[in-house]
A.B. asks: 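Have a look at this one.
Convention: sequence-line order gives letters A, B, ...; per-chain numbering from 1.
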Amino acid sequence: MTKNFWLMKSEPEDFSIQDLKEVEKEPWGGVRNYQARNFIRDQIAIGDSVLLYYSSTKIPGVAGVMTVVSEPFPDPSQFDESSSYFDSKATQENPRWYAVNVKFEKEFDRFVPLSLMKQENCLKEMIILKKGNRLSITPISKEEFYHVLKMGKK
DNA sequence: GCCAACGTTGGC
DNA sequence: GCCAACGTTGGC
């Protein structure tokens with residue numbers, strides 16, 4: 001299996017790269033979109049690298065890098081009636097939603113704002129840059145990953 | 001706060 | 001199975 005690269009969205013008020021740094025490892029759950037679910041369940045693998053992207057905030061953009069450190073597992077919040085992620089149609093035998101554990105890899109020296117990414121010709125194909133995109137997990141290419149990484153360096 | 005784009009729901 | 005209505009996302 002070759003390593004894959006991803007971009008995952010979060011609202012920094014919800015979960016930031018600093019939060020991840022503190023906890024070291026975090027279950028990435030609460031994904032309630034079938035396309036994103038399929039990425040987690042079928043394609044994401046241990047060792048994959050992930051850009052952490054801030055959405056729905058003053059300055060959207062990429063804040064750092066995370067690494068996938070677990071196989072996919074059923075997202076516990078789907079069974080939790082008190083959770084806003086509860087799904088009455090999900091059962092233990094037949095879970096609907098999945099999560100993976102991610103660990104802190106690095107925080108960028110410089111935050112990479114969406115506005116700058118839009119100016120980069122080689123990032124044009126990134127799903128996140130396309131109008132109307134709402135997927136919270138998107139595959140990106142190795143080249144895109146390393147280009148954003150470079151933009152985040154001093 | 002606005003609004004376009006998208007996913008989901010539900011009536012038929 | 002279609003599609004209008006609705007709710008949500010997310011950039012600006």
A.B. asks: Got a sec: does the CZ of A:Phe15 have more than 12 other heavy atoms crowding it under 6.0 Å?
C.D. replies: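 Buried by this count: over 12 neighbours within 6.0 Å.
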A.B. asks: Do you see a donor-acceptor pair shorter than 3.5 Å between the side chains of A:Ser84 and A:Arg32?
C.D. replies: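 Result is no, nothing qualifies.
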A.B. asks: Taking atom NZ of A:Lys25 as the centre, report whether more than 12 heavy atoms of other residues, nucleotides or ligands fall under 6.0 Å from it.
C.D. replies: no
A.B. asks: Which side-chain N or O atoms in residues 119-131 of chain A pair as donor and acceptor under 3.5 Å with protein atoms at least two apart or in another chain?
C.D. replies:
from	atom 1	to	atom 2	distance (Å)
A:Glu120	OE1	A:His147	NE2	2.6
A:Asn121	OD1	A:Lys124	NZ	3.3
A:Glu125	OE1	A:Lys130	NZ	3.3

A.B. asks: Assign a letter to each nucleotide of nucleotides 7-12 of chain C from its 5' end: B, base within under 4.0 Å of a protein heavy atom; S, sugar-phosphate only; -, no contact.
C.D. replies: BBSBSS
A.B. asks: According to the salt bridge (charged side-chain N to carboxylate O under 4.0 Å, His left out) rule, which pairs have a member within residues 98-113 of chain A, sequence neighbours left out?
C.D. replies: A:Lys103-A:Glu105
